[in-house]
Undergrad: 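Before anything else, here's the structure in question.
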Amino acid sequence: MGIPAAKLKELFLKMSQTRHFEETAARLFTEGKVHGTAHFCIGEEATGVGVCSALAPEDLIAQTHRGHNQAIGKGMRLDRMMAEFLGKETGYCHGRGGCMHIADSSVGSLGANGIVGGGIPIAVGAAFAQQYRKLDAITVCFFGDGATNEGAFHEALNLASVWKLPILFVCVNNYYAMSTPLNRHMNISDIAVRAQSYGIRGKSLDGNDVISVYEATLEAKEYVRREGPMLLVLNTYRYMGHSKSDPQNYRTKEEVESWKKRDPLVLFRDRLLRDGICSAEELDALDGQALRDVAAAVEYAESSPEPRTDEVLRDVLAE
Amino acid sequence: MGIPAAKLKELFLKMSQTRHFEETAARLFTEGKVHGTAHFCIGEEATGVGVCSALAPEDLIAQTHRGHNQAIGKGMRLDRMMAEFLGKETGYCHGRGGCMHIADSSVGSLGANGIVGGGIPIAVGAAFAQQYRKLDAITVCFFGDGATNEGAFHEALNLASVWKLPILFVCVNNYYAMSTPLNRHMNISDIAVRAQSYGIRGKSLDGNDVISVYEATLEAKEYVRREGPMLLVLNTYRYMGHSKSDPQNYRTKEEVESWKKRDPLVLFRDRLLRDGICSAEELDALDGQALRDVAAAVEYAESSPEPRTDEVLRDVLAE
Amino acid sequence: MRELTYAEAIREALSEEMRRDDSVVFLGEDIGVYGGAFGVSRGMLEEFGPVRVRDTPISETAIVGCGVGAAMSGLRPVVEIMFSDFVAVAMDQIVNQAAKARFQFGGQFSVPMVIRTPSGSGTGAAEQHSQSLEAWFVHTPGIKVVTPSTPADAKGMLTTAIRDPNPVLFLEQKLLYRVKGEVPEGEYTIPFGKASVRREGRDVAVITYGRMVQRCLEAADAVAREGIEAEVVDLRSLAPLDRDAIVASAKKCGRVLIVHEACTTGGVGGEIAAIIADSEAFFWLDAPIRRLGGLDSPIPYNRTLEDTVVPRTAGIADALRGLARKGASWPRA
Amino acid sequence: MRELTYAEAIREALSEEMRRDDSVVFLGEDIGVYGGAFGVSRGMLEEFGPVRVRDTPISETAIVGCGVGAAMSGLRPVVEIMFSDFVAVAMDQIVNQAAKARFQFGGQFSVPMVIRTPSGSGTGAAEQHSQSLEAWFVHTPGIKVVTPSTPADAKGMLTTAIRDPNPVLFLEQKLLYRVKGEVPEGEYTIPFGKASVRREGRDVAVITYGRMVQRCLEAADAVAREGIEAEVVDLRSLAPLDRDAIVASAKKCGRVLIVHEACTTGGVGGEIAAIIADSEAFFWLDAPIRRLGGLDSPIPYNRTLEDTVVPRTAGIADALRGLARKGASWPRA
Ligand SMILES: Cc1ncc(C[n+]2csc(CCOP(=O)(O)OP(=O)(O)O)c2C)c(N)n1
Ligand SMILES: Cc1ncc(C[n+]2csc(CCOP(=O)(O)OP(=O)(O)O)c2C)c(N)n1
Ligand SMILES: [Mg+2]
Ligand SMILES: [Mg+2]
């Protein structure tokens with residue numbers, strides 16, 4: 001493992017931040033402080049954090065509706081994320097988008113999308129601009145297992161392949177599209193097979209192991225820059241319901257529990273301890289910092305002003 | 001070759017009818033007798049005729065914009081086809097659809113589609129109805145190489161696979177989507193590879209050899225009935241322009257000529273003579289019959305009445 | 001009479017039709033064990049089984065297209081699109097296929113398909129999950145468009161929709177799902193193209209539909225205390241549209257307010273205004289025809305902003321007052 | 001001044017912008033060696049090369065989506081959709097993505113993308129290749145809609161569209177491609193939202209756009225011989241819409257005829273009628289506001305039927321006569 005210790009700690013911190021951010025957000029829901037919906041990625045932290053931490057600031061990402069890990073991985077600020085979640089003017093989208101549309105152009109996030117698969121062609125366009133401008137940067141496009149059944153996925157991967165664009169397609173496979181298990185929404189078990197339809201490379205790996213995700217991304221990035229698109233499938237699991245109103249009657253508690261035994265944070269913690277990278281105290285300190293960061297974000301968000309109603313039409317059109 | 005002689009003659013007759021039908025239609029264009037457009041399949045006769053002649057009357061087909069061979073293969077009447085081409089009331093669609101929307105519910109044609117890929121999900125729906133009704137029949141869905149880049153293709157094949165529907169997907173690969181050659185609209189050379197994304201069987205074959213097309217369809221039909229969807233790719237070539245207004249500046253004359261050396265009608269004629277199934281006289285007689293059939297169709301069409309303008313709204317809605 | 005919620009009324013209509021006619025099948029994302037994103041089909045998988053209540057992959061084009069093909073083959077599919085915003089993903093199948101199949105094939109096929117989908121804002125689901133898109137389809141020959149505003153209408157009109165030989169876009173009003181109302185037991189149909197006068201009045205004709213009916217009634221009550229008697233006409237279906245009811249009410253009142261949730265510009269309100277302005281009611285108008293639609297804006301996430309962009313009861317009442325005010329009309333004379 | 005066809009004028013605008021600004025790229029099906037289905041881009045591949053003039057696979061969703069992403073990343077993509085009917089295939093990318101990206105991300109991105117596409121009937125291409133779908137987009141906040149009716153407008157408005165920081169749907173009038181007209185040399189822009197009075201008159205205001213402008217002018221000439229002076233207002237862009245010009249002309253003439261090719265019901269004509277009926281012009285109206293749009297029908301293949309479903313010069317002239325006839329108004333008084 002040639003990853004510098006500082007990077008490993010960054011990964012751990014971001015994963016902890018993601019977990020605490022979402023646990024806190026879920027609590028705010030229960031407390032009735034949020035109007036709207038949210039999709040939590042608890043259990044999947046290693047995917048977005050692992051991938052995005054391997055990217056350069058100038059690389060771009062297109063996020064999903066379940067993308068707090070992607071956002072935090074790419075370096076978005078917790079306070080402005082939380083403010084957006086609460087619909088505040090200080091939020092990334094000035095309260096217009098909520099967490100389904102979180103974006104931060106300053107760190108290279110093209111935003112999350114509420115239309116399943118809708119962001120994939122857009123990411124292809126961003127990669128096209130990178131190629132056209134002869135930039136060294138790449139675009140990473142996230143989507144779920146369910147999204148690979150949308151026509152947009154197919155068209156976008158084909159176009160990216162024909163034009164040899166510098167884009168890494170990352171499928172976060174949590175084995176469910178809402179209530180529908182993978183084996184009832186497609187007839188293959190390895191989503192990476194779909195790469196073959198476009199003549200591009202496909203690869204599946206354990207999405208709960210942040211180190212392999214990080215390393216695979218580093219490698220994929222070089223590949224994509226040289227050779228064009230690639231499809232990376234990260235197998236993982238979501239612990240919480242699909243969204244706030246999910247009865248979760250489509251899976252068993254045992255299934256959820258069995259995945260929790262391979263919790264990405266616990267796995268990573270054990271590994272860091274085992275390899276002697278961090279002491280338990282150091283990891284606890286990082287976790288404590290994550291908790292404090294989230295608490296500060298909540299405070300920032302709660303004390304932030306509401307958007308002004310007389311400015312509601314502000315960004316319908318650019319001047 | 002266990003195909004009965006009568007069936008072989010039927011194949012030859014239908015292929016000749018297709019060729020003469022289109023040559024005549026093209027002439028009517030030049031004579032200014034047609035307002036609109038048409039897409040001719042000359043050079044591809046073996047595909048639609050070979051496939052559809054292997055089907056039972058109760059099997060269904062969904063046609064493409066380039067589907068006169070499919071229509072004639074399935075048993076549509078030349079006279080009503082020609083009348084539709086001329087926009088007459090006696091045409092299959094009473095002059096409402098033209099040849100891009102030709103359909104004949106009485107022989108199991110669900111109609112041609114003007115939207116590339118648009119007919120594929122519809123065919124899946126027809127196969128769903130067959131499965132739901134526990135019918136023995138199957139649905140055959142035609143589309144071109146270019147159409148496999150539409151999202152509709154992807155979604156439809158996946159759905160058909162998940163539901164194990166009795167549908168045979170037939171890709172008529174003529175190596176061009178309008179002016180764009182296959183290798184510039186996808187990054188794979190064998191379209192049958194795309195079957196793997198859906199966990200279904202895929203197979204490519206020479207689409208100019210009507211006997212292999214016919215036999216492959218018979219076999220595929222049994223497979224599809226038992227196992228669910230399959231993708232059959234028929235490699236062929238169109239001689240004429242994409243539509244009436246094609247400058248054909250995207251390919252060389254030599255390329256066209258080289259394909260003409262493997263003309264499906266000539267190949268088949270040679271084979272029938274070589275195998276002693278028919279004499280040259282018999283084949284000439286069949287060809288003569290095809291010519292007369294087309295002439296009669298033109299006469300029928302030309303002497304047919306125009307639709308009445310006061311009935312134009314007749315089929316906007318069913319009562 | 002017993003009361004049901006709007007969601008229960010829809011479930012009842014669909015279940016009754018499925019019991020009555022086994023050519024009715026039900027397709028959509030997460031409609032089975034999950035019961036649909038809004039719980040409309042809860043329990044239906046248990047009753048009808050997975051062959052007739054079919055979960056689909058996330059493939060709106062294929063879902064609607066499958067409905068079209070099944071309908072052309074004699075089934076009566078009811079297709080659920082999880083949010084009406086996603087009709088955009090299936091637009092080709094709805095507009096170029098379902099709505100045109102009959103016409104372009106010269107009447108050889110009909111497409112008895114219902115697309116059920118929740119429409120409208122108010123849940124904090126933001127830009128891509130909150131639109132009111134009915135105007136697109138009112139402008140599409142070959143498809144009917146229905147917007148029931150009560151549980152009883154939802155039931156009766158869904159039954160009508162399922163039995164109709166044409167494609168029907170059945171726009172469920174998301175914020176009404178939990179609203180209760182009296183609903184007759186057993187099967188019944190409510191015809192399309194027949195508006196319902198929800199409140200009689202003589203001063204201002206309020207032409208509206210869907211979730212705005214309730215707000216218009218509230219506003220009418222508010223201004224009634226000030227002596228303004230508004231008549232509230234609920235269109236119920238937008239295609240066909242009850243031209244006669246619109247014209248009659250406009251003629252009777254001489255002043256017209258049109259209210260809908262969808263963005264004002266290009267909305268169905270324009271069609272209604274145009275019908276009135278080109279009818280004999282024109283000669284009876286005492287004031288300009290007023291439209292009060294949503295602002296020309298996507299629906300924002302923040303609750304207050306979201307509330308700002310659609311007509312509210314107070315705003316409707318104000319518009320009624322403005323219209324009824326004497327002297328507002330005929331400065332020319 | 002030299003004359004160009006409408007198609008040539010479009011090519012000239014696009015070429016000039018590509019020369020001026022290398023962030024302008026051009027994507028679409030068969031736009032390269034083929035020159036586009038209507039020959040609009042003939043010769044452009046030769047000048048600009050395959051990096052900037054990009055043939056795409058048949059993937060409308062990906063094409064438009066690629067345009068959105070490229071625009072969000074600072075390019076100025078011009079995307080061609082071969083027939084405007086195919087916007088239905090890319091509807092999600094146009095409506096849910098392009099038109100909403102700026103708003104939903106709080107102004108962080110803009111989407112300076114132009115979607116060029118041929119609109120309308122008249123070529124015998126039938127139901128799925130002949131629609132006039134502008135009304136859908138006029139009802140979509142966040143996107144502009146342009147319908148130039150002359151070569152000079154086509155050039156100037158395409159230049160404006162390419163320089164606009166917002167998505168613009170540029171609806172080319174298929175039947176005008178070969179029509180010639182004077183076109184200034186060199187770059188120039190024509191602002192959106194400014195109608196042009198193509199003919200002055202005082203008896204009837206004819207509000208129209210796109211290909212119908214020509215027919216309205218012909219009809220106006222025909223009735224002029226009978227002493228009816230029609231004013232013909234060409235809206236040029238539909239979003240933004242020149243409200244002032246509409247109201248001024250209606251007020252001046254007191255009688256209004258609205259003409260468009262798109263189906264009447266739910267068309268842009270409703271919006272125009274509603275604007276007039278809710279404006280000060282209302283008080284100056286001497287007759288009901290008449291709309292003459294296409295029949296509420298898909299476009300049939302047969303030439304005579306096809307001609308039947310859209311407004312013709314003779315029909316427009318008849319409507320003008322009907323409107324201008326004395327006694328047509330105010331039976332109430
Ligand atoms: C076009 C569209 N269809 C349906 C939905 C509703 N929806 C939101 S998320 C989701 C499941 C997505 O599954 P997947 O892609 O696997 O992502 P996950 O939620 O598992 O992270 C669905 C059906 C949507 N937002 N957009
Ligand atoms: C959605 C859509 N996009 C584009 C077109 C225009 N178009 C008609 S046929 C065609 C080429 C189709 O290629 P392919 O599928 O290979 O069929 P072929 O014409 O070669 O038989 C195109 C681009 C269309 N009709 N529909
Ligand atoms: Mg998933
Ligand atoms: Mg082809």
Side-chain angles (χ1 to χ4, degrees), chain A residues 60 62 84 89 91-98 100-106 109-115 117-133 135 139 141 150-163 165 307 312-319, chain D residues 22-25 27 50-52 54-77 79 89-93 95-113 140-144 164-168 192 239-240:
Chain A
L60 299 174
E84 189 57 37
E89 181 65 30
Y92 271 113
C93 310
H94 306 295
R96 268 61 172 181
M100 201 149 53
H101 300 296
I102 215 151
D104 182 357
S105 61
S106 74
S109 161
L110 295 162
N113 213 300
I115 301 293
I120 314 181
I122 297 174
V124 167
F128 168 66
Q130 290 169 327
Q131 182 192 63
Y132 184 78
R133 288 251 163 84
L135 303 179
T139 298
C141 177
E150 286 281 9
F153 162 86
H154 175 71
E155 295 189 10
L157 268 73
N158 187 60
L159 188 66
S161 169
V162 170
W163 289 354
L165 301 179
V312 64
L313 297 179
R314 191 173 57 199
D315 284 312
V316 177
L317 288 168
E319 298 297 298
Chain D
D22 71 11
S23 68
V24 179
V25 292
L27 323 174
V51 171
R52 295 185 72 192
R54 293 228 166 192
D55 277 339
T56 64
I58 315 180
S59 309
E60 285 78 8
T61 297
I63 298 169
V64 176
C66 178
V68 177
M72 286 172 70
S73 309
L75 299 188
R76 292 190 171 267
V79 158
V89 185
M91 199 68 181
D92 174 60
Q93 287 296 327
V95 166
N96 290 333
Q97 311 297 342
K100 294 191 174 44
R102 182 176 182 80
F103 187 89
Q104 76 189 2
F105 298 133
Q108 292 185 70
F109 299 96
S110 53
V111 184
M113 170 179 64
T140 303
I143 187 165
K144 299 185 176 181
D164 197 287
N166 297 290
V168 178
F192 297 163

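Owing to the predicted nature of the structure, the values given are computational and were not obtained by experimental measurement. In the text below, chain A, chain B and the rest are named by the order of the sequence lines, each starting its count at 1.
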Undergrad: Between Gln93(D) and Ile122(A), is the side chain to side chain contact (heavy atoms under 4.5 Å, CB included) condition met? List the steps.
TA: CA-CA 9 Å; Gln93(D) 287 296 327; Ile122(A) 297 174; 3.5 Å; yes
Undergrad: Where does Lys100(D) contact chain A at under 4.5 Å (heavy atoms): side chain, backbone, both or neither?
TA: neither
Undergrad: Hey, mind stepping through Leu110(A) and Phe105(D) against side chain to side chain contact (heavy atoms under 4.5 Å, CB included) and telling me if it holds?
TA: CA-CA 9 Å; Leu110(A) 295 162; Phe105(D) 298 133; over 6 Å; no
Undergrad: With a 4.5 angstrom heavy-atom cut-off, could you sort out which part of Leu60(A) is near chain D: side chain, backbone, both or neither?
TA: side chain
Undergrad: With chain D as the partner, which of Arg314(A), Arg133(A), His94(A) has the greatest number of non-hydrogen pairs under 4.5 Å?
TA: Arg133(A)
Undergrad: A side-chain contact here means heavy atoms from C-beta on lying under 4.5 Å apart; do Ser59(D) and His154(A) qualify?
TA: no
Undergrad: Tell me, side chain or backbone of Val25(D) under 4.5 Å from chain A's heavy atoms, or both, or neither?
TA: side chain
Undergrad: At a 4.5 Å cut-off on heavy atoms, which part of Asn113(A) comes close to chain D: side chain, backbone, both, or neither?
TA: side chain
Undergrad: Heavy-atom cut-off 4.5 Å, strictly under: side chain, backbone, both or neither for Ala160(A) against chain D?
TA: neither
Undergrad: Can you tell me which of Leu27(D), Val68(D), Asp22(D), Thr61(D) forms the most heavy-atom pairs within a distance under 4.5 Å of chain A?
TA: Thr61(D)
Undergrad: Could you check which of Leu317(A), Asp104(A), Val316(A) has the highest count of heavy-atom pairs closer than 4.5 Å to chain D?
TA: Leu317(A)
Undergrad: How far apart are the closest heavy atoms of Trp163(A) and Thr56(D), and which atoms are they?
TA: CZ2-CG2, 3.7 Å
Undergrad: Looking at Arg96(A), Met100(A), His101(A), which hits side chain to side chain contact (heavy atoms under 4.5 Å, CB included) with Gln104(D)?
TA: His101(A)
Undergrad: For Ser109(A), is it the side chain, the backbone, both or neither that has a heavy atom under 4.5 Å from a heavy atom of chain D?
TA: backbone
Undergrad: Quick one: which of Ala103(A), Ala62(A), Ala318(A), Gly97(A) has the most heavy-atom pairs under 4.5 Å with chain D, could you say?
TA: Ala318(A)
Undergrad: Of the non-hydrogen atoms in Gly118(A) and Asp92(D), which two are nearest, and what is the gap between them?
TA: CA-OD2, 4.2 Å
Undergrad: What option among Pro167(D), Ser73(D), Ala101(D) has the most heavy-atom pairs under 4.5 Å with chain A?
TA: Ser73(D)
Undergrad: Does any part of the side chain of Phe128(A), heavy atoms only, come nearer than 4.5 Å to the side chain of Pro77(D), both counted from C-beta?
TA: no
Undergrad: Looking at every non-hydrogen atom in both residues, tell me the closest pair between Val162(A) and Pro57(D) and how far apart they are.
TA: CG2-CG, 4.5 Å
Undergrad: Going through the checks in order, is the side chain to side chain contact (heavy atoms under 4.5 Å, CB included) test met by Ser106(A) and Gln108(D)?
TA: CA-CA 9 Å; Ser106(A) 74; Gln108(D) 292 185 70; over 6 Å; no
Undergrad: By a 4.5 Å heavy-atom criterion (distance strictly below it), what part of Gln131(A) contacts chain D: side chain, backbone, both, or neither?
TA: side chain
